[in-house]
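Residue numbers start at 1 and run along the sequence shown.
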Amino acid sequence: MVGGRVVEVSEVKNRPDVLYVDCADFQYRRKRPDTCAIYIEKNRTSELIEIGDSLWWQGRFAMWTPLRNCVPEDGGEDLRCGIDYDIEIPRIGYSGVDHPDRSKD
């Protein structure tokens with residue numbers, strides 16, 4: 001899994017420059033989707049990420065698309081274009097990170 005729909009965004013204690021983002025892949029398992037989390041750089045852009053937005057990652061970047069710019073599930077008008085689709089945000093570390101409030105450190 002390399003992304004999906006954002007289900008949680010949290011600040012990381014003791015790391016003011018990092019955000020925790022958890023995503024769920026509803027494409028194949030709608031009732032019990034797979035989830036995976038990453039850490040991303042906290043900046044003016046990443047602070048706008050909200051639950052329901054789309055996020056996927058590859059290499060050193062996460063690609064964010066706000067929900068208002070996603071293609072509707074009913075197959076309506078394709079809104080994917082311009083500067084509001086696949087907005088690059090630097091990624092920190094690997095995927096599958098622990099929740100910051102539940103980690104052992």
Side-chain angles (χ1 to χ4, degrees):
M1 179 178 158
V2 293
R5 190 176 308 149
V6 175
V7 293
E8 182 178 357
V9 180
S10 298
E11 292 186 358
V12 177
K13 58 186 171 190
N14 301 323
R15 297 203 52 199
D17 59 334
V18 177
L19 287 176
Y20 165 90
V21 182
D22 195 9
C23 296
D25 182 0
F26 290 94
Q27 185 171 359
Y28 299 107
R29 295 173 57 192
R30 291 200 177 270
K31 292 185 180 183
R32 298 189 74 192
D34 290 330
T35 60
C36 191
I38 62 170
Y39 291 133
I40 60 172
E41 179 182 286
K42 182 178 177 183
N43 57 41
R44 291 188 330 186
T45 302
S46 64
E47 289 182 315
L48 300 174
I49 296 173
E50 297 180 344
I51 292 172
D53 291 348
S54 293
L55 191 81
W56 65 278
W57 51 88
Q58 183 174 356
R60 295 178 15 208
F61 292 97
M63 304 297 194
W64 166 56
T65 301
L67 178 61
R68 69 181 182 278
N69 298 335
C70 293
V71 176
E73 287 188 18
D74 64 2
E77 182 180 339
D78 185 357
L79 302 175
R80 297 181 297 168
C81 62
I83 61 171
D84 295 325
Y85 182 73
D86 282 348
I87 301 164
E88 282 189 358
I89 298 171
R91 187 172 127 195
I92 299 170
Y94 299 97
S95 57
V97 299
D98 291 331
H99 190 283
D101 293 337
R102 295 184 207 104
S103 63
K104 295 179 174 101
D105 51 359

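Listed for the Thr65 side chain is a donor-acceptor partner under 3.5 Å among the backbone atoms of Asp86. The backbone N or O of Gly93 lies less than 3.5 Å from a partner atom in the side chain of Arg91, making a donor-acceptor pair.
Hydrophobic clustering, with ILVMFWY side chains joined whenever heavy atoms are under 4.5 angstrom apart, groups Val2 together with Val21. Linking ILVMFWY residues whenever their side-chain heavy atoms come closer than 4.5 Å, directly or via other members, leaves Ile89 and Trp56 in distinct clusters.
The two residues Gly52 and Leu67 make their nearest non-hydrogen contact at O-CD1, 3.4 Å. Looking at every heavy atom in both residues, Trp57 comes nearest to Ser95 through NE1-CB, 3.5 Å. Closest approach of Gly3 and Asp25 over heavy atoms only: O-CB, 4.1 Å. Between Val12 and Tyr39 the shortest heavy-atom distance is CG2-CE2, 3.8 Å.
At a threshold of 4.5 Å between non-hydrogen side-chain atoms, the residues Asp53 and Val9 do not count as touching. In this structure, Ile40 and Trp64 have side chains that are not in contact, with every pair of non-hydrogen atoms separated by 4.5 Å or more. In this structure the side chain of Arg15 reaches within 4.5 angstrom of the side chain of Ile92, judged on heavy atoms. Taking 4.5 Å as the limit, every side-chain heavy atom of Ile87 sits out of range of all side-chain heavy atoms of Leu48.
Distance check: Arg5 CZ to Cys23 SG gives 10.5 Å after rounding to the nearest 0.5 Å. In this structure, Leu19 CG and Ser10 OG are separated by 8.5 Å, a value rounded to the nearest 0.5 Å. With values rounded to the nearest 0.5 angstrom, Asp22 atom CG is found 5.0 Å from Thr35 atom OG1.
Under a cut-off of 6.0 angstrom, the local environment of CG in Asp17 is crowded, with over 12 non-hydrogen atoms contributed by other residues, nucleotides or ligands. Gln58 CD: 12 or fewer foreign heavy atoms inside a 6.0 Å radius. Crowding of Glu8 atom CD: a count of heavy atoms from other residues, nucleotides or ligands under 6.0 Å exceeding 12.
Applying the side chain to side chain donor-acceptor pair (under 3.5 Å) test to Glu41 and every residue at least two apart in sequence or in another chain returns Asn43.
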